[in-house]
Peer 1: 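This is the structure, below, for whatever I ask next.
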Protein chains: 2
Amino acid sequence: MSERVVPPAARRRRRPTKQGVVLSAELIVATALRLIEEHGSEALSVRRLGRALGADPSSLYRYFRHTDDLMLAVADELIGRSMRSWRPTGDWPADLRDLGLRMHAGALAHPRAAVLSAHRVTGRAQEIQAVETILGVLRRAGFPDPEAVRIYHAFVDQALAFGALDSAGTALPRAAREAEAQVWRDTYGRLPAATHPHIAATSRHLVATMRASSYPAALELFLTAARTRLDHVRADGAG
Amino acid sequence: MSERVVPPAARRRRRPTKQGVVLSAELIVATALRLIEEHGSEALSVRRLGRALGADPSSLYRYFRHTDDLMLAVADELIGRSMRSWRPTGDWPADLRDLGLRMHAGALAHPRAAVLSAHRVTGRAQEIQAVETILGVLRRAGFPDPEAVRIYHAFVDQALAFGALDSAGTALPRAAREAEAQVWRDTYGRLPAATHPHIAATSRHLVATMRASSYPAALELFLTAARTRLDHVRADGAG
DNA sequence: ACCTTATGACAACACCGTTGACCTGTGAAG
DNA sequence: CTTCACAGGTCAACGGTGTTGTCATAAGGT
């Protein structure tokens, strides 16, 4: 075996599979993304991917060392797609909101990749560009450097963490998802006020609210707090 | 097969396994937690768990319908351990801060289990108690019901999401962790100001800040925003 | 036209969760 | 005490998974 994976630059022989498909890392990543989108993230396995490509599963190991490797490539593609069309408006809360929602939506669109890559620092081009962009928004808004970095860190981690959390939810098998909805309806919706007064008093809101992602709300709270911080910084600077 | 799992209350015959172990739901959950802690979350499988217990894997299906069911029980146990010693002080931001830090710390104490269970609704005893407690803090603080539920949702998800994110980081192999630190030092610490002005200007802060969890900072921002909301609610109510 | 070798295919391995059928000892009832 | 229903442990099997050692072959430089 030694080294199964040949770096892309060294690849030359474009030999088609039995079913006539010419493989490439790009085609594999694209097909994986398509599979996830069409049949859910649990539908992604090396064997299924091989079948979808018209190739033997083991052929994929000529392009990726293992499944994790493939998922990272998928994640990288994801970052690119999320940020590609973003343009700053100069209104920093609006810009941050847009960026946060984009990152979150990107994660939700490809749950399995998101869960896997949320906690990793790649140091690759797309990621660096994103860091520079977000820091720029904050510094231009007037946050002093240490505060800008703190806010940046919390902002990015919040987007990634909620993205991963909500992704894990959507990656659940359908039966488990329905079971969760039922728990909210049947368990939390029916607790007696005598033993659980606060749940009973708010059960209507709980059942309605808990099925959706809380990221939009959390993001608004984040922006509110950031504005408050900026006001204090300015007041201190002026005083 | 029909109904394999007998509810705990109806269990009476304590028949030991071939290896002399007397099974119970509690023993199984405790063993699962131990396995996860000792050998990583990927070491948890029905078969391994059976081996660790000294029982046939299929025996576990007398106590849990499927693996998911078992994971929910593990998650509930985790919640219970985090909340067991908490006492309210009446100062709602302080209480929320304490609760948030406890949940986060609980996740970090059991990284692999936290990653697996953060996104699940268990509907079990410990979780219900936690929901009631947190809702109580918010409602007593003066948040009207729909707002209390929204804030509750964001608060819990934030704690769970950051817990899972930071857990995933600490669960990484040592080599990978060091590689990440090096990326911050060597890649982000050395980008030229000409191409990446914002990163270059803040690189000192970036390198220092990015290694620690951003949850405490995010939590403070959350509390700031919640206070602002409460002020607005009161002003509206008074006006 | 030849030869190297990149790359696809195959078969096998060691796992996984889950279930239907079977067996056995417990513990309550008589 | 004995009986005996059945809770609960065991066994074997099914269809899935990621991964790898080996082999075959056609692509492409010479």
Peer 1: Hey, which of these two, B:R15 or B:L44, hits DNA chain C nearer its 5' end, going by closest nucleotide?
Peer 2: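 Going by which nucleotide is closer to the 5' end, it is B:L44.
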Peer 1: To the nearest Å, give me how far apart NE2 (B:H66) and P (C:dG17) are.
Peer 2: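 Checked: the NE2 to P distance equals 13 Å.
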Peer 1: Distance check needed: C:dC10 P versus A:R62 CZ, whole Å only.
Peer 2: 14 Å
Peer 1: For the side chain of B:Y63, starting at C-beta, report the closest nucleotide among C:dG17, D:dG9, D:dT10.
Peer 2: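 Ranking C:dG17, D:dG9, D:dT10 by closest atom to the B:Y63 side chain puts D:dG9 first.
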Peer 1: End-to-end bend of the helix from C:dA1-D:dT30 to C:dG30-D:dC1 (five-pair axes, 10° rounding)?
Peer 2: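 The two end axes of the helix from C:dA1-D:dT30 to C:dG30-D:dC1 meet at 10°.
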Peer 1: Name the residue closer to the 5' end of DNA chain C, choosing between B:P16 and B:T67 according to the nucleotide with the nearest heavy atom.
Peer 2: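 So the residue in question is B:T67.
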Peer 1: Should the pair B:D56-B:K18 be classified as a salt bridge under the 4.0 Å nitrogen-to-oxygen rule?
Peer 2: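 Salt bridge between B:D56 and B:K18, a charged N being under 4.0 Å from a carboxylate O: no.
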Peer 1: Do A:M83 and A:L99 have side chains that get closer than 4.5 Å, going by heavy atoms?
Peer 2: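 They are in side-chain contact.
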Peer 1: How close or far is atom P of C:dG8 from atom CD1 of A:I28, stated in whole angstroms?
Peer 2: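 Checked: the CD1 to P distance equals 8 Å.
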Peer 1: Using side-chain heavy atoms (C-beta onward) and a distance below 4.5 Å, is A:I128 in contact with B:Y188?
Peer 2: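 Of all side-chain heavy-atom pairs linking B:Y188 with A:I128, at least one is under 4.5 Å.
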Peer 1: Verify the contact: side-chain N or O of B:S59 to OP1 or OP2 of D:dT10, cut-off strictly under 4.0 Å; return yes or no.
Peer 2: yes
Peer 1: Roughly, in whole Å, what's the span from NZ in A:K18 to C1' in D:dC23?
Peer 2: 13 Å
Peer 1: To the nearest Å, give me how far apart OH (B:Y61) and C1' (C:dC16) are.
Peer 2: 9 Å
Peer 1: Does B:R34 have more than 12 heavy atoms from other residues, nucleotides or ligands lying within 6.0 Å of its CZ?
Peer 2: yes
Peer 1: Can you pull out every ring-ring contact (aromatic ring centres under 6.0 Å, His included) where at least one residue sits in residues 192-218 of chain A? Sequence neighbours excluded, please.
Peer 2: A:H104-A:Y215, A:F162-A:Y215
Peer 1: Ignoring hydrogens and angles, answer whether the base of D:dG16 and the side-chain atoms of A:R47 contain a donor-acceptor pair closer than 3.5 Å.
Peer 2: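 Absent.
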Peer 1: Can you find a heavy atom in the side chain of B:S82 that is under 4.5 Å from one in the side chain of B:Q126?
Peer 2: no
Peer 1: Choosing from C:dA9, D:dT17, D:dT10, which nucleotide comes nearest the side chain of B:S58?
Peer 2: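 Among the listed nucleotides, the one closest to the side chain of B:S58 is D:dT10.
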Peer 1: Looking only at the side chain of A:V46 (C-beta and beyond, no hydrogens), which of the listed nucleotides C:dC16, D:dT19, D:dG9 gets closest?
Peer 2: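 Within the option list, the nearest is D:dT19.
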Peer 1: Quick check for you: among D:dT10, C:dG8, D:dT17, whose closest atom lies nearest to any side-chain atom of A:R51?
Peer 2: D:dT17
Peer 1: Atom CZ of A:R65 and atom C1' of C:dT7: how far apart are they, to the nearest Å?
Peer 2: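 From A:R65 CZ to C:dT7 C1': 17 Å.
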Peer 1: For the pair made of CZ in B:R48 and P in C:dA14, what is the distance, rounded to whole Å?
Peer 2: 15 Å
Peer 1: What is the distance from CG of A:D56 to P of D:dA24, rounded to the nearest Å?
Peer 2: 16 Å
Peer 1: List the atom of A:A200, the atom of A:P192, and the distance in Å for their closest heavy-atom pair.
Peer 2: CB-C, 4.3 Å
